[in-house]
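In what follows, a structure is listed as C-alpha cells, so that the remarks can point back to it.
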Amino acid sequence: MAADIRINMPGGAAQAFPRGAEVRDVLAVIGAGVSPSLVAARVNGAAVDLSYKIQEDAVIEPIEASSAAGLDILRHSMAHVMAQAVQDSFPEAQATIGPAIEDGFYYDFDYSPGFSPEDIERIESRMREIAAENLPFVRREVSREEAVALFQQKGEKYKVEIINDLPKDIKTVSIYAQGGYTDLCRGPHIPSTGMVKAFKLLSIAGAYWRGDERNRMLQRIYGTGFDTRQRLEEHLRLIEEAKKRDHRRLGRELDLFQVNDEAGGGLVIFHPKGMMLRTIIEDWERKEHLKRGYGIVMGPQILKADLWKKSGHFDHYRENMYFTEVDEQLYGIKPMNCLSHMLIYKSRIRSYRDLPIRYFELGTVLRHEKAGVLHGLLRVRQFTQDDAHVLCAPEQLNGEIKAIAEFVQYAMKIFGFDYEVELSTRPENSIGSDADWELATGALEGALKDSGIPYEVNEGDGAFYGPKIDFKIKDALKRKWQCATIQCDFTLPERFELSYVGEDGEKHRPVMLHRVILGAIERFMGVLIEQYAGAFPLWLSPVQAVIVTVTDRHISWGEEVRQRLISAGVRVEGDFRNEKLGFKIREAQMQKTPFMLVIGDREIDAGQVAPRQRDGKNLEAMTPEAFALLVQEQCSQFL
RNA sequence: GCCCACGUAGCUCAGUCGGUAGAGCACAUCCUUGGUAAGGAUGAGGUCACCAGUUCAAUCCUGGUCGUGGGCUCCA
C-alpha cells in the first residue's frame with residue numbers, strides 16, 4: 001500500500017511524504033534546503049546517511065559537518081578515503097579498523113614494510129585525488145556470509161575476523177563503497193568524497209591488533225580533519241602553540257629540572273627553581289592534610305622481600321619492582337608506600353574509637369616502567385606520591401571516600417584544573433573475594449553518586465587489590481593523565497591481619513583506602529607547568545619578583561631592597577648586570593616572572609621600587625615593605 | 001617491551017652526494033651607564049651520541065648499543 005508517512009523537524013509541523021522517501025529529499029522540503037555542508041541526519045534519533053529511505057513516521061534532524069556529530073562522521077569518512085588511498089598505493093596493505101577520534105581519525109593497516117614519511121605524503125596526495133573525484137559513498141546491506149565471501153575474496157582477513165566475531169544474532173552487516181574501495185562499516189558516511197577537503201596526515205605509529213600486545217603490530221596513520229580549511233589551519237596552529245607549553249621545553253627554559261641520560265631515563269633532577277615550586281606544593285600538601293586529620297608518617301625506601309610477599313606485591317607487581325640485597329637478604333625497593341603504614345597500624349592494639357586512622361606520606365617510590373613509556377615529568381621511574389592510607393570501619397567507608405573526593409575537588413580548584421572522573425572495576429589478575437570486590441566497588445560508586453560527581457565506568461581497569469576512582473587531568477596536547485585516585489582495599493588489612501576492638505569487645509577487620517590527591521608530584525608539576533605555560537600564579541612562582549636596576553649606580557639600593565624583601569618572605573632575585581633596562585625586562589619577561597621591580601634615580605630618592613607586572617602593567621611606585629604586603633595579600637587565599 | 005622517526009656547540013638548527021664542520025641565541029672579556037621585550041666589538045666553545053664494520057679515508061654508508069620524540073601495551 002502506498003500510504004504516506006509523516007515527517008517533521010523537532011518542534012515543526014509534520015508533512016506527508018511517500019514511504020521510502022530519501023532523507024536528502026525530505027530535508028530539501030522541510031529543512032532550509034540541503035546545504036552543501038550537510039553530512040547526514042538523525043531519523044528518530046539514529047544517525048543515517050542522506051540516502052537513507054525513511055519507512056515510517058519520523059522526526060528528522062539534519063547533521064551539519066560543523067557539529068560535533070557531523071565532524072565525527074566526516075572524519076570517519078576521511079579514514080575510509082585514507083584506506084582507499086593506502087590500498088591504491090600499497091595493494092598488499094590490509095585494512096583493519098579506522099575510527100574517528102577527538103580532533104581527527106586514524107586507520108590501522110597490516111603492512112610489514114611500514115610506512116615512511118614519504119609514503120605518507122604519497123597517501124595524502126592520493127587522498128586529494130580521491131576527494132577531487134567526488135566519489136559517492138554507497139551503502140549496501142549484505143548477509144554475513146556474503147560479506148565474509150566478499151572480504152575473503154579481497155584478501156582482507158582482518159575484516160573477515162571482525163565479521164566472524166560479531167554476535168551470532170547479527171544476520172546482516174553494512175558495507176560502504178566509494179570508487180573501487182569497499183569497507184565494512186556501520187556508517188553513516190558523508191554523501192561523497194568531495195567533502196573531504198580540509199585534512200592533514202599527522203603521524204605514523206605502531207599499534208597492536210585489537211590493542212593486545214600479544215597480537216601483531218599494525219601500522220597506524222593518524223590524521224586530523226575539519227569541515228573547513230580555516231578550522232584545520234586553526235587546529236594546526238593550536239598544536240604548534242601547545243608544543244610551546246610542553247613542560248620539557250619549559251623545564252629547560254625556566255631552569256626547573258632536567259632528565260639526564262647519564263643519570264638514567266625516567267629519573268628527574270630538580271634544579272633550584274623547580275625544587276622551589278615543588279617545595280611550595282609539598283608545604284601546601286602537609287598543611288592541607290593536617291587540616292583534615294591526617295598524621296604525617298614516613299617509611300623506609302627498602303623493605304624485606306618477605307614483606308612484599310605477604311602483601312601480594314611480590315606475586316602481582318614484581319615485574320615493576322627493583323630489588324637489592326643487603327647482608328644476603330633480598331629487599332624490595334618500595335613501589336608503593338602502604339607497607340610501612342600497615343606496620344604503623346599494627347604497632348599497637350586499635351580501638352573503634354581510634355578510627356578512622358589516616359596516615360599521610362610524601363612517599364618516594366620507584367617503579368620499573370618500560371623504556372618506551374617514559375615521558376618528561378609525566379611518566380618517570382622515581383616519583384613522590386602525596387600518598388595516604390585511611391583505615392576505617394566498613395560503615396565509615398562512604399564518608400571517608402566522600403571527604404577524599406571533596407579534598408580532590410578543592411585541590412583541583414586551587415590549582416585551576418578541570419578533570420574527568422573514572423570508576424575502574426575488577427581486573428583479570430586480581431586478588432580478594434567476589435563479595436569484597438562488590439562491596440568496595442559499591443562503596444566507591446555510592447560516594448560518587450552521593451557527591452553528585454559525574455563519572456564514567458572503566459571495566460576491568462582497577463588495581464589488583466581493589467577497585468578505584470581516578471581523577472584525570474589533561475596536558476597541553478589534551479592527553480589525559482591520572483592524578484588523584486581513591487582505591488578501596490580489603491585485601492591488605494586481611495593479609496596483615498589488621499584489627500580493631502569494636503564496641504562489642506570483639507576483634508574486627510578495618511577496611512583500607514589508598515588515595516593520592518595530586519598523585520605523583522612530578523607528574524602533577526608537569527601538567528601544572530603546561531596548564532600555566534610556565535607563567536605560574538604568584539603563590540606558585542619560584543621567583544616572584546626580579547629587581548632590575550637602570551644603571552650601576554642603583555645597585556646598592558637594589559641590594560638593600562633584595563635583603564628587605566627576602567626578610568619579608570618574598571622570593572626575589574636581583575638583576576644588577578651591566579645591561580640596558582629593556583634587556584633585563586625582556587629576560588625577566590621570558591622567565592615569566594610575575595613582578596619586575598624597577599630601580600632608578602626616582603626610586604632611590606623616594607626609597608621605593610616601581611613594580612611592573614608580567615602583563616606589562618606598571619603599578620604606582622611603593623616601598624619594599626608595601627610591595628611585600630601586596631605579595632602576601634595576593635598569595636594569602638592559597639596559603 | 002613493540003612500531004616509526006630522530007641524535008651536529010649549553011639551546012635552536014644549517015651542512016658535508018665519504019676528505020675530521022658553520023649560523024643565531026646563550027657564555028667570557030672589553031667598550032657603553034642606557035627608564036620598561038634584544039646597544040656594540042672581540043673571543044672561547046664540537047672525538048658531529050657510543051661501539052664495531054666497509055674504505056686509503058666515516059660526522060656522512062652498514063650493523064649494533066644507548067638516548068630522545070610520536071604512538072601501542074602498561075601505569076601515578
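Quick caveat, the model's predicted, so the values are computed rather than measured. Lettering of chains follows the sequences in order, A, B, ..., and the numbering in each one begins at 1. We use all heavy atoms of the structure for the numbers below, so side chains are in, but hydrogens, waters and symmetry mates are not.
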Report task. For A/N260 and B/G10, give me the distance from atom CG to atom C1', rounded to whole Å. Result -> 13 Å
Query - Summary of ring-ring contact (aromatic ring centres under 6.0 Å, His included) pairs that have at least one residue in residues 576-598 of chain A, sequence neighbours excluded - result: A/F595-A/F627
Requested in this report: Using only side-chain N and O atoms of A/R248, determine if any of them is under 4.0 Å from OP1 or OP2 of B/G70.
Outcome: yes
Report task. Hey, which sits more toward the 5' end of RNA chain B by its nearest nucleotide, A/C483 or A/A610? Result -> A/A610
Query raised in the report: So, A/H316 versus A/F464, ring centres under 6.0 angstrom or not?
Result: yes
Query raised in the report: With both distances kept under 3.5 Å, what pairs with B/U16, Watson-Crick or G-U wobble?
Result: none
Query raised in the report: For A/Q482 and A/E420, does a side-chain donor sit closer than 3.5 Å to a side-chain acceptor?
Result: no
Query raised in the report: Of all the nucleotides listed (B/C75, B/C72, B/A37), which has the minimum atom distance to the side chain of A/R586?
Result: B/A37
Report task. Considering only atom C1', compute the distance from B/U16 to B/G46 and round it to an integer number of Å. Result -> 15 Å
**Report entry** Complementary nucleotide for B/C27 - Watson-Crick or wobble, under 3.5 Å
**Finding:** B/G43
Requested in this report: May I ask you to verify if any side-chain N or O of A/Q589 is less than 4.0 angstrom from the OP1 or OP2 atom of B/A37?
Outcome: no
Query raised in the report: Within the structure, does a side-chain N or O atom of A/K580 lie under 4.0 Å from either OP1 or OP2 of B/G40?
Result: no
Requested in this report: Would you indicate what A/D552 reaches in the nucleic acid, counting non-hydrogen atoms under 4.0 angstrom: base, sugar-phosphate, or nothing?
Outcome: base
**Report entry** For atom CG of A/D575 and atom P of B/U36, their distance in whole Å
**Finding:** 16 Å
Requested in this report: Counting heavy atoms from C-beta on, name the nucleotide in B/G34, B/G35, B/G71 closest to the side chain of A/V598.
Outcome: B/G35
Query raised in the report: Side chains of A/N337 and A/Q385: do they bring a donor and an acceptor to under 3.5 Å?
Result: yes
Requested in this report: Mind checking A/D470 for me? I need base, sugar-phosphate or nothing, with any heavy atom below 4.0 Å counting as a touch.
Outcome: nothing
Report task. May I ask which nucleotide in the shown strands pairs with B/A9, Watson-Crick or G-U wobble, both distances under 3.5 Å? Result -> none
**Report entry** Partner nucleotide, any strand, of B/G69 [Watson-Crick/G-U, under 3.5 Å]
**Finding:** B/C4
Query raised in the report: OP1 or OP2 of B/A76 sitting under 4.0 Å from any side-chain N/O of A/R381?
Result: no
Report summary line: Re B/C75: Watson-Crick or G-U wobble partner, both distances kept under 3.5 Å, found to be none
Report task. Round to the nearest Å and state the distance from A/M590 atom CE to B/A38 atom P. Result -> 10 Å
Query raised in the report: Taking only N and O in the side chain of A/R612, is any of them less than 4.0 Å away from OP1 or OP2 of B/A37?
Result: yes
Query raised in the report: With sugar-phosphate meaning primed atoms plus P, OP1 and OP2, does A/V380 contact a base, only sugar-phosphate, or nothing at under 4.0 Å between heavy atoms?
Result: base
Query raised in the report: Quick one: does A/Y208 reach the base of B/G71 with a side-chain donor-acceptor pair under 3.5 Å?
Result: no
Report summary line: Whole-Å distance, A/E262 CD to B/C50 P, equals 12 Å
Report task. Could you check whether the rings of A/H313 and A/Y465 sit parallel, tilted or perpendicular, using 30° and 60° as the cut-offs? Result -> tilted
Query raised in the report: Quick one: is A/H368 getting a side-chain N or O under 4.0 Å of the B/G1 phosphate, OP1 or OP2?
Result: no
Query raised in the report: Does the distance from a Lys or Arg side-chain N to an Asp or Glu carboxylate O, for A/R237 and A/E240, drop under 4.0 Å?
Result: no
Query raised in the report: Does a nitrogen or oxygen in the side chain of A/Y222 sit under 4.0 Å from OP1 or OP2 of B/C72?
Result: yes
Requested in this report: Could you state the atom-to-atom distance from NZ of A/K370 to P of B/C75 in whole Å?
Outcome: 9 Å
Query raised in the report: For the side chain of A/A371, counting heavy atoms from C-beta on, which of B/A26, B/G1, B/A76 is nearest?
Result: B/G1
Requested in this report: Please evaluate the base of B/C74 for a donor-acceptor partner in the side chain of A/R379 within a cut-off of under 3.5 Å?
Outcome: yes
Query raised in the report: Starting at NE2 of A/H375 and ending at P of B/G1, how long is that distance when rounded to a whole Å?
Result: 18 Å
Report task. Can you figure out which of B/C27, B/G35, B/G39 approaches the side chain of A/F583 most closely? Result -> B/G39
Requested in this report: Give none if B/A52 has no partner; otherwise give the nucleotide forming a Watson-Crick or G-U wobble pair with it, both distances under 3.5 Å.
Outcome: B/U62
Report task. Measure the distance from CD1 on A/I585 to P on B/U36 and round it to the nearest whole Å. Result -> 8 Å
Query raised in the report: Do the numbers put A/R122 on top of the ring of A/F90, so that NZ or CZ is under 6.0 Å from the six-membered ring centre and no more than 45° off the axis?
Result: yes
**Report entry** Salt-bridge contact A/E530-A/K243 (side-chain N to carboxylate O under 4.0 Å)
**Finding:** no
Query raised in the report: When you measure from the side chain of A/E213, which nucleotide among B/C75, B/G1, B/G35 comes out closest?
Result: B/G1
Query raised in the report: How close or far is atom C1' of B/C72 from atom CD1 of A/I101, stated in whole angstroms?
Result: 13 Å
Requested in this report: Answer with yes or no whether A/E369 presents, from its side chain, a donor or acceptor under 3.5 Å of a partner atom in the base of B/A76.
Outcome: yes
Query - Given B/U73, B/U33, B/U36, the nucleotide with the shortest approach to the side chain of A/V373 - result: B/U73
